[in-house]
Amino acid sequence: MRSSDAGTTGHRLRGDGCARTRGRGVMAVAERPRGPRPATMVTLLTVGMAVAALAVTVPFALDGLAPPVLPGGLWWVAGLALLFFLTEGFVVHVRVRRGTHGINVSELPMVFGLLGLDPVTVILVRTVAGTASLMAIRRQRGPKLIFNAALVALQAAVAVLVFHLIAPGALGATVSGAGPRVWIATYAAMLASDVVAAVLLTAVIAAHDEPGEWRKLPSALALSWMVTVTTTVALISFQAAMQARWALALVGVVAVVLMLAYRAYAALNNGSSQIEQMYGFTRALDGARDIDDLVAVVLERTREVIRAAEAELVVPAGEGEPGMRHLRLTGQDGTVTTYVADEAADRWLQPALVGEPVLRAAAAGHDAMAVPVQFGDQPAALVVSGSFEDVGRFTEKSLRLFETIANHAGAALGRAVLVDRLRREAAEKEYLASHDSLSGLSNRAHFHELVDAGLRDGDHPEIAVLLLDLDRFKETNDALGHETGDALLREIGERLRAHVGERGRVARFGGDEFAVLMPSDGTPETAIVAARALAEVVEQPIRIGPMALAAKASIGIAVSPRHGHDAKTLVRHADVAMYAAKDSGGLRIYNTGMDASSPQRLAVIADLRVAVERGELAVAYQPKVDPRTGRVVGVEALARWSHPLRGPVSPDEFIPLAEHSGLVRPLTLFVLETALRCRAGWAAMGYDLHVAVNLSPNSLLDADLTEVVARLLAETGNPAHALTLEITESTILADPAGSMATLERLHALGVELSIDDFGTGYSSLGRLRELPIQEVKIDKSFVRSLAADLRDQAVVRSAVQLGHALDLRVVAEGVEDPDTYAYLAEEGCDVVQGYHLSRPLPADDLTAWLLARDAAPAVPAVPAPFAG
């Protein structure tokens, strides 16, 4: 016969899930009801089974009771009752797919009952003895016991009914020997009883826990061959007993032998099933899509292999959270829930977090195990609790199996954590490469991609590009500091993004320049309306702390296809219109006459391009001196341009033009190569000088910068540490994440890096130590009035102390008098430069200056003590 943990005799069907958790069988659901409908269905089914058993029994009872075929009377009845009691209580579990079947040898007493007792006595003895076994041996109580007792009675009634339908009147015939008809009736009765139990148990599990349980019914019915084996042995034993009464004593021996044989079969089958499950476990790990999916697979398959009610992955809680975070899998829906347990609840599994497996005895009905598992670089533990009855309580053997599972799971989790981390880092780098870190908006390169993508849109190829430049932002930034300036930029960026919404995209090009991409109908009028709306958004008062700031923007507009068919052209034309707007105020839309209206600017750009291409620019060098020794330690290379008609052009004029016209890269490379070649010449003369070259903001976006610098160092024969690249503080600290990759590569090359204009912004000081720099240059605005302004003295003193605290070399520029020189020497400034020492000189003049300085009579390195 078949039964579940519900308590029937014979083979027992069990599967996964709530219906079978904690090894308490189908009726374990009655202990944790999940809703009125499943409980009601189980109750109705229980009542139906009891009524059906009674309906079979009553007609037989009306026919009266017949004496036992075998002699002994009540002793014979008592012996069968004892056999029913014992065989029902001892069960062997066989794993089938994701469920288990329980095997006992209840067919032995049942066959003897069918052949030797009247129907009513068989049903009563089977029901009473089976129920007593459920209570005494299997410790069942309450609704669970009632359900299983009803199932026991129904199985007995079905067996009796089928037997007597096929072989009516067989009870008396068995004394002289049962014939084939009786044998067929017996087999049919046992198989019918087993099938009824399998169907009813599957119905209960499907109704209460898992509708998919019906798919497992064929696998459950496939084990009916065991019913046939036990029934055959029972028939042979009964025939032997008919020939010799003492052979009845052998029935007990046969029952024990059968149980041992089934136990051996179960051990072999369960071992094979366990190997198959482990193989399926590793395959499932390999098939997980991501870390979340993998955690769910690990917990689900661990619970199945170990045969436990619950499985958990325990990892440290997030920052600021006490205790440990539990990722728990229970029930049939495969949902992983998360909770944070307090320290007391997790105290028992602490050894597992430091590498020691833990086996916890049953507590409040739950035994548990915890083993260490790799989860990236965090200590973690895999935990199972609530062993199923088919495996018994967790043992040391279970713990060893659990450790094996944890090893497989840990390797997969470790790989998944690493892949997840690499995926996040790649996504972060991709994001940083296309976005401005200060505002979170797209950067210039990404904006160009968005514009080109918009132009390729076949449905709406008309777009408008608007460039916004904040008026007088530098004054606000200098007066209130970079922290306030950054907050102002972030707020304006957020306002623009909120205003544009899903219609367009907003970018920050750097500094105080923003770009907006909007859909358009190709007409200037629509773009002008959109620009005016943007201006109103920007000009709304902005409250930052206790201050209310007012911003105003100059806006340049270009629309496609009227003003260009690609991103580069549209942005350039919008830029021209923006410069025109700055001259006239408000907003301007690009027109072809706008370029002609600024002939001087265009002519200067054209002449600058020719000068750069022909190498007609020059480089001047300003000496840098150690004020404590008077020794010349380096020079700063500065670009100089002498226009053939206008004469010398200020760097403040032509360098911004180079940046806006795309000439800054060749200009920077010209200065860099020229300075390195001159430095090599001075080194050959015995002057081991550092040479400093300024980098523009756009240079940090040049992916080839490091390779070009390395090539020039090799070609000119200079060591990397002899070159210092200077980046303005506002540039590098406005976008540290976007600049970090280039800076790290230059640092790895051995080039020294310097922050120029140091001290002009206090918001960035806390981030300095995260950058791979070796030097800071105090801005000349603090140095020039140092002798007369006590506040500037305090700023310089603090800057020197801060730089030394960060293990950085401190350089002061703009030293124009002896008192300033003396003060900086006393304060410990490492290097100074300025007109007091020398103006920037051409290379030949600097060589002469060095030779003359060497030939001059020795003078004190530090002038008289500063008296200011």
Side-chain angles (χ1 to χ4, degrees), residues 620-638 651 675 679 682 686-694 722 724 726 728-729 752 754-760 773-843 845-868:
Y621 303 91
Q622 186 170 41
K624 302 167 74 172
V625 173
D626 182 344
R628 293 163 297 187
T629 65
R631 184 173 65 89
V632 180
V633 297
V635 294
E636 180 178 4
L638 302 166
R679 190 267 167 197
W682 291 319
Y687 296 106
D688 187 15
L689 305 177
H690 283 74
V691 61
V693 177
N694 288 281
T724 300
E726 296 183 0
T728 60
E729 179 186 7
E752 298 202 343
S754 175
I755 296 293
D756 201 2
D757 299 338
F758 180 64
T760 58
I773 59 176
Q774 292 76 42
E775 178 184 283
V776 291
K777 291 186 70 174
I778 302 174
D779 187 63
K780 58 188 175 184
S781 62
F782 298 109
V783 176
R784 282 175 177 168
S785 56
L786 187 62
D789 195 327
L790 295 178
R791 292 174 299 178
D792 284 347
Q793 292 176 18
V795 170
V796 170
R797 183 183 304 112
S798 299
V800 171
Q801 293 173 354
L802 175 62
H804 289 165
L806 296 174
D807 198 24
L808 300 175
R809 184 171 59 250
V810 180
V811 179
E813 59 180 342
V815 179
E816 299 183 357
D817 58 77
D819 287 344
T820 301
Y821 183 96
Y823 179 81
L824 292 169
E826 289 178 2
E827 289 298 328
C829 186
D830 301 296
V831 180
V832 298
Q833 67 183 92
Y835 287 179
H836 173 63
L837 299 169
S838 173
R839 291 176 177 272
L841 302 171
D845 293 349
L846 180 66
T847 302
W849 183 86
L850 290 171
L851 293 172
R853 187 177 179 86
D854 288 346
V859 294
V862 180
F866 178 70

Any Q833 side-chain heavy atom under 4.5 Å of V635 side chain:
no

Smallest heavy-atom separation, L638 atom then P840 atom, equals CD1-CG, 3.8 Å

### Query
Under 6.0 Å between ring centres, would you say that holds for W682 and Y621?
yes

Rounding to 0.5 Å, atoms CG (D817) and NE2 (H836) come to a distance of 7.5 Å

Side chain to side chain donor-acceptor pair (under 3.5 Å) filter on E816, not counting sequence neighbours, yields none

Taken to the nearest 0.5 Å, the spacing of Q622 CD from L841 CG works out to 8.5 Å

Here the salt bridge (charged side-chain N to carboxylate O under 4.0 Å, His left out) pairs for residues 799-812, sequence neighbours left out, are E752-R809, E775-R809

Value for CG (D756) from NZ (K777), rounded to nearest 0.5 Å, stands at 5.0 Å

Taking every heavy atom of P627 against every heavy atom of C829, the minimum-distance pair comes out as CG-O, 3.3 Å

Scanning both residues in full, the closest heavy-atom pair of P623 with R839 reads CD-O, 4.2 Å

Correct closest heavy-atom pair for D830 and V810 would be OD2-N, 2.8 Å

Scanning both residues in full, the closest heavy-atom pair of A812 with L824 reads CB-CD1, 3.6 Å

Using a 4.5 Å cut-off on heavy atoms from C-beta on, say whether the side chain of V795 contacts that of I778.
no

query: Taking side chain as C-beta onward, heavy atoms only, is V632 less than 4.5 Å from Y687?
result: no

When rounded to the nearest 0.5 Å, the distance separating CG of D854 from CG of L850 is 7.0 Å

Do V625 and R853 touch side chain to side chain, with heavy atoms closer than 4.5 Å?
yes

Q. Where do K624 and L837 land on the side-chain contact (heavy atoms from CB on, under 4.5 Å) test, with the steps shown first?
A. CA-CA 8 Å; K624 302 167 74 172; L837 299 169; over 6 Å; no

Cut-off 3.5 Å, side chains only: do Y823 and R797 have a donor facing an acceptor?
yes

Full working for side-chain contact (heavy atoms from CB on, under 4.5 Å) between Q801 and V796: CA-CA 9 Å; Q801 293 173 354; V796 170; over 6 Å; no

When rounded to the nearest 0.5 Å, the distance separating OG of S754 from NE2 of H690 is 11.0 Å

The salt bridge (Lys or Arg N to Asp or Glu O under 4.0 Å) partners of D792 (sequence neighbours excluded) come to none

Heavy-atom closest pair (G630 atom, Y821 atom, distance to 0.1 Å) is CA-OH, 4.1 Å

